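Each remark here refers to the structure printed beneath this line.
Quick note: numbers below take in every heavy atom, side chains included, and nothing from hydrogens, waters or symmetry partners. For ligands, and for the atoms within them, numbers begin at 1 and follow the listed sequence. Since the model is a prediction, treat every value here as computed from it, not as a measurement.
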Amino acid sequence: MKDQYRALVAEENENGEFKYMVKMLPFSALAENEVLIKVKYSSLNYKDALSASGNRGITRHYPHTPGIDACGEVVTSAVAGFRPGDKVLACGYDLGMNTFGGFGEYIRVPASWVMPLPEKLSSLESMMLGTAGFTAGLALAMMERNGQHPDNGPVLVTGAGGGLGSLAIAILSRAGYTVIAASGKHHEKAYFTELGASEIIPREQVNDLSGKMLLRTRWAGAIDTVGGNYLSTAARACMRHGNIAVCGNASSHELPLTVFPFILNGVNLLGIDSATCPMPLRKQIWEKLSGEWKPESLEKIAEVVSLDALPENISKILKGEIRGRKVVKISG
Ligand SMILES: NC(=O)c1ccc[n+]([C@@H]2O[C@H](COP(=O)([O-])OP(=O)(O)OC[C@H]3O[C@@H](n4cnc5c(N)ncnc54)[C@H](OP(=O)(O)O)[C@@H]3O)[C@@H](O)[C@H]2O)c1
């Protein structure tokens, strides 16, 4: 094994500005943990871009290698559950936040964060899904646990053109739901239709500024990735006993809303945190993602880019300019 490896490194300069570039790092940069994994693919998530650009709510210490997703092969393991050569997946927990993440050729992580690659998924497919697909799957599982069913009516997806949004459309559609996609990229109708959306609406339609506490009902549930007034509108226009899976804050972390959707319409807000999802439920969701919920349109959603192309893609995702997902080829 070499004594150095390639990784994207985010650094702060003396003026407090952050820069990210691909560099060589010594293996001593990796924290002492149980499982050393050679990373084959990672993927770019919004959270990675925030980490790379110095968001201390996500990453406290720099220099740092982001990347909340990684798949690859075990090199060494201090626990009996994993052996060299095992194909594995690590997504979420502290990976890429304050533990060096998947944007490097190697990660060293606690065994409790690692799971075998699902049998019916290739390494590439697992990262086409990544945290975005896993979160969409977790959202749907929580909604269905709470009574969501395709017969109840359509499900809204906000931030539909993003990674999580695109996969939410594809997974909902695969599970038999009618999907309404709300997007700033609504003119890209062919893309959303191929993913399985039945209706594509400009995102302004989910940004109601009338001040009304309840709106004409339009959907039976929602997977929201943008927060703020979009989430508020999703809740105010949700049918009785519908479920809104609260996944993201791409527009805002605030929530201008009254209690009326909840106490008059029985609408449920379900908090979704993929990073801390317990391993048994995590494995169940990945099983579904590799089988009955596996999107047929993964190649249409995700494009493979090199580690060297990552810096320009980080800048793009921060500006909302990426459609779908970028899988990062790290090695092999
Ligand atoms: N809860 C969890 O476990 C979890 C897991 C993964 C991600 N997330 C969160 O989910 C969100 C989406 O993540 P992602 O990786 O899919 O990011 P992404 O690929 O950048 O997608 C975000 C999408 O949100 C929309 N958007 C961006 N800025 C907006 C604005 N100012 N107003 C309205 N819409 C806006 C855009 O969609 P359109 O162009 O289609 O409008 C954009 O493509 C992020 O907040 C992320 O942190 C949470």
For atom 30 (C) of ligand 1, grab the closest protein heavy atom and report residue, atom and distance to one decimal in Å. S251 CB, 3.6 Å
Hey, any chance F103 and L318 share a hydrophobic cluster, counting ILVMFWY side chains that come within less than 4.5 Å of each other, even indirectly? yes
Taking the basic N atoms (NZ, or NE/NH1/NH2) and the acidic carboxylate oxygens, is any pair closer than 4.0 Å for E303 and K326? yes
Determine, for E73 against R83, whether the closest basic-nitrogen to carboxylate-oxygen distance falls under 4.0 angstrom. no
Select one of side chain, backbone, both or neither to describe which atoms of V226 lie under 4.0 Å from any atom of ligand 1, heavy atoms only. side chain
Under the criterion side chain to side chain contact (heavy atoms under 4.5 Å, CB included), which of I37, L30, V39 is the partner of Y106? L30
Of R203, K185, R323, K326, the residue with the heavy atom nearest atom 35 (C) of ligand 1 is R203
Under 4.0 angstrom from ligand 1, any heavy atom of F134? no
Which atoms of ligand 1 are found less than 4.0 Å from any heavy atom of D273? 3 (O)
Distance to 0.1 Å, residue and atom name: give those for the protein heavy atom nearest to atom 21 (O) of ligand 1. G162 CA, 3.2 Å
At what distance is the nearest protein heavy atom to atom 16 (O) of ligand 1, and which residue and atom is it? L164 N, 2.8 Å
I need the nearest protein heavy-atom contact for atom 37 (O) of ligand 1: residue, atom name and distance, please. G159 CA, 3.5 Å
Which residue holds the protein heavy atom closest to atom 11 (C) of ligand 1, what is that atom called, and what is the gap in Å? T225 O, 3.3 Å
Salt bridge or not between K294 and E125? Use side-chain N to carboxylate O under 4.0 Å. yes
Do K19 and E11 sit within salt-bridge range, that is, some charged N less than 4.0 Å from a carboxylate O? no
Heteroatom distance test (G320, ligand 1): nitrogen or oxygen, under 3.5 angstrom: no
Distance to 0.1 Å, residue and atom name: give those for the protein heavy atom nearest to atom 8 (N) of ligand 1. C247 O, 3.6 Å
For atom 13 (O) of ligand 1, what's the nearest protein heavy atom and its distance? Y46 CB, 3.8 Å
Would you mind finding which of A139, G161, G163 brings a heavy atom closest to atom 19 (O) of ligand 1? G163
In terms of ring plane angle, is the pair H64 and F100 parallel, tilted or perpendicular, where the classes change at 30° and 60°? perpendicular
Between T135 and ligand 1, which residue portion shows a heavy-atom distance shorter than 4.0 Å: side chain, backbone, both, or neither? side chain
I need the contact type for S274 against ligand 1. Using non-hydrogen atoms and a strict under-4.0 Å cut-off, is it side chain, backbone, both or neither? both
With sequence neighbours left out, write down each residue that passes salt bridge (charged side-chain N to carboxylate O under 4.0 Å, His left out) with R323, or none if nothing qualifies. E188
Strictly by modelled atom types, are S42 and D69 linked by a side-chain donor-acceptor pair under 3.5 Å? no
I'd like to know if A160 contacts ligand 1, where contact means a heavy-atom distance under 4.0 Å to any ligand atom. yes
Considering non-hydrogen atoms of the protein only, which is the closest contact for atom 27 (C) of ligand 1, and what is the distance? A250 CB, 3.8 Å
Using 30° and 60° as the class boundaries, would you call the ring planes of F18 and Y62 parallel, tilted or perpendicular? perpendicular
